Amino acid sequence: MSRAVFVRAHGGPEALSVEERSVGAPGAGEIKVRNRAIGLNFIDTYQRSGLYQVPLPFVAGNEGAGEVTAVGPGVTDFAVGDRVTYSGPVGAYADERLMPAGRAARVPEGIDFETAAAITLKGITAYYLLFQTWQVREGHTILVHAAAGGTGSLLVPWAKRLGARVLATAGSPAKVARARALGADEAVDYREHDFAPWVREVTGGRGVDVVYDGVGRATFEGSLDCLRPRGLMVSFGNASGPVAVPNLGILATKGSLYLTRPSTTTYMASTEEFRTAVAAVFEAVAAGILAVSVEQRFPLAEAAAAHRALEERRTTGSTVLLP
């Protein structure tokens, strides 16, 4: 028997239930993984609350890292004992799990399990945002919200390495200082300052080429006011609540703006796309571009406390659950 954290009814952190279960043998195309570390992400809270619909009941969690303990029929790219990291489908909050082999990738030598679990989902998100959703290049000016958070703390240094000028917002003085330490050229506390006029001021009235907004409702409209004409608004998260756009005409009146809501499901639809992105992330770690900062650790049995800390903005960097 092993433990897993179930969601049997949508709700707050109290909806997470630690239970014992039996995990069988992997089926065709599957591997069995003993988790050594599990990543915590905002999408976990969206699925728990019902904002993102996952059929009930389900085991929470979308990424982890551990060791392969069994392989199913037809699996040729992994063997028992391989160190792997993975992203999706749900089921990560567990001592061990079964999953499709195509959603896993090898962990390179020199990368520990906590680092792999902390960076895989957030890292591939940063990868497609910077290289595919908008191809950031030298001379671009970008705005990153929640720049001290899990994904933001990867976007800032990676964009700087690509040659961009990076403006950042964060939710406290300490987080602003962290954003600057990560390489942001300018940073401001968006809870204390109206960030849109600030962006206009520091860009000489031009605005930014692209906004990366994982905050959602609290920053969405202000983000549109930060963009140059025909700039791109990338809304990739809902930390403060979901975004509603009742009138698309607002995009025209604010400068013929573009708006996209990308998802990992679309950008990482194939095994090749997923493993290419994971490889790019680990290469960036090895090159010193990305530094993974695991700043909170919770036992698996305290997953509810981890969710509360994340939703109350009491975390910085990355958080992992430890089986």
Side-chain angles (χ1 to χ4, degrees), residues 33 35-44 61-66 83-89 92 99 102-136 142 144-162 164 166 168 178-179 182-184 212-214 234 236-237 239 262-297 310 315-321:
V33 178
N35 284 324
R36 297 301 183 187
I38 300 156
L40 179 72
N41 297 280
F42 263 107
I43 190 174
D44 305 349
N62 291 269
E63 73 173 334
R83 301 166 69 246
V84 296
T85 187
Y86 62 84
S87 173
M99 61 171 300
R103 300 308 302 171
R106 280 188 172 81
V107 177
E109 292 297 324
I111 302 291
D112 60 55
F113 287 126
E114 285 193 13
T115 297
I119 200 173
T120 296
L121 179 53
K122 291 177 278 292
I124 63 177
T125 300
Y127 172 81
Y128 72 70
L129 291 176
L130 294 173
F131 292 89
Q132 296 176 326
T133 305
W134 175 278
Q135 294 184 1
V136 172
I142 73 171
V144 177
H145 286 303
T151 301
S153 63
L154 303 178
L155 287 170
V156 171
W158 215 345
K160 282 300 298 178
R161 179 57 66 95
L162 293 171
V166 179
R178 175 172 169 77
L182 288 164
Y212 291 112
D213 190 343
V234 183
F236 69 94
S263 75
T264 304
T265 301
T266 303
Y267 279 88
M268 302 289 121
S270 71
T271 297
E272 180 181 5
E273 289 169 323
F274 170 69
R275 290 181 180 167
T276 296
V278 171
V281 171
F282 286 136
E283 287 170 5
V285 172
I289 299 170
L290 302 180
V292 182
S293 178
V294 178
E295 300 197 13
Q296 297 82 210
R297 296 170 177 84
L310 184 64
T315 65
T316 56
S318 295
T319 303
V320 296
L321 305 177

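Owing to the predicted nature of the structure, the values given are computational and were not obtained by experimental measurement. Worth knowing before you read on, the calculation uses all heavy atoms, side chains too, and leaves out hydrogens, waters and symmetry mates.
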Strictly distance-based, threshold 3.5 Å: is any side-chain N or O of D112 a donor or acceptor partner for the main-chain N or O of E114? yes

So, does Y128 use its side chain to make a donor-acceptor pair with the main chain of T264 at under 3.5 Å? yes

Let me see the working for T120 and T85 under side chain to side chain donor-acceptor pair (under 3.5 Å), right down to the final yes or no. CA-CA 7 Å; T120 296; T85 187; 2.5 Å; yes

Side-chain touch [X]/[Y], heavy atoms, less than 4.5 angstrom:
| X | Y | answer |
| --- | --- | --- |
| I111 | V292 | no |
| Y86 | N35 | yes |
| I119 | S318 | no |
| V156 | Y212 | no |
| S293 | R178 | yes |

Using the rule given for side chain to side chain donor-acceptor pair (under 3.5 Å), can you reason through T276 versus Y127, listing the C-alpha separation, both sets of side-chain angles and the distance that settles it, and then say yes or no? CA-CA 10 Å; T276 296; Y127 172 81; over 6 Å; no

Which atom names give the shortest non-hydrogen contact between [X] and [Y], and what distance separates them?
| X | Y | result |
| --- | --- | --- |
| V107 | A116 | CG2-CB, 4.0 Å |
| F282 | P108 | CD1-CD, 3.5 Å |
| L121 | S87 | CD1-OG, 3.3 Å |
| V278 | A105 | CG1-CB, 3.9 Å |
| E273 | T266 | OE1-O, 4.5 Å |
| A168 | A184 | CB-CB, 3.8 Å |

To the nearest 0.5 Å, what is the distance between [atom1] ([X]) and [atom2] ([Y])?
| X | Y | atom1 | atom2 | answer |
| --- | --- | --- | --- | --- |
| L182 | K160 | CG | NZ | 12.0 Å |
| I43 | K122 | CD1 | NZ | 11.0 Å |
| L130 | I142 | CG | CD1 | 6.0 Å |
| T319 | E295 | OG1 | CD | 8.5 Å |
| D44 | L310 | CG | CG | 8.0 Å |
| T133 | F236 | OG1 | CZ | 10.0 Å |

Please lay out, stage by stage, how R36 and R83 fare under the test side-chain contact (heavy atoms from CB on, under 4.5 Å). CA-CA 10 Å; R36 297 301 183 187; R83 301 166 69 246; over 6 Å; no

Which is it for F131 and L162 under the side-chain contact (heavy atoms from CB on, under 4.5 Å) test, yes or no, and what are the steps along the way? CA-CA 10 Å; F131 292 89; L162 293 171; 4.0 Å; yes

Taking it one step at a time, do L129 and Y267 satisfy side-chain contact (heavy atoms from CB on, under 4.5 Å)? CA-CA 9 Å; L129 291 176; Y267 279 88; over 6 Å; no

Step-by-step side-chain contact (heavy atoms from CB on, under 4.5 Å) determination, R275 to R106: CA-CA 9 Å; R275 290 181 180 167; R106 280 188 172 81; over 6 Å; no

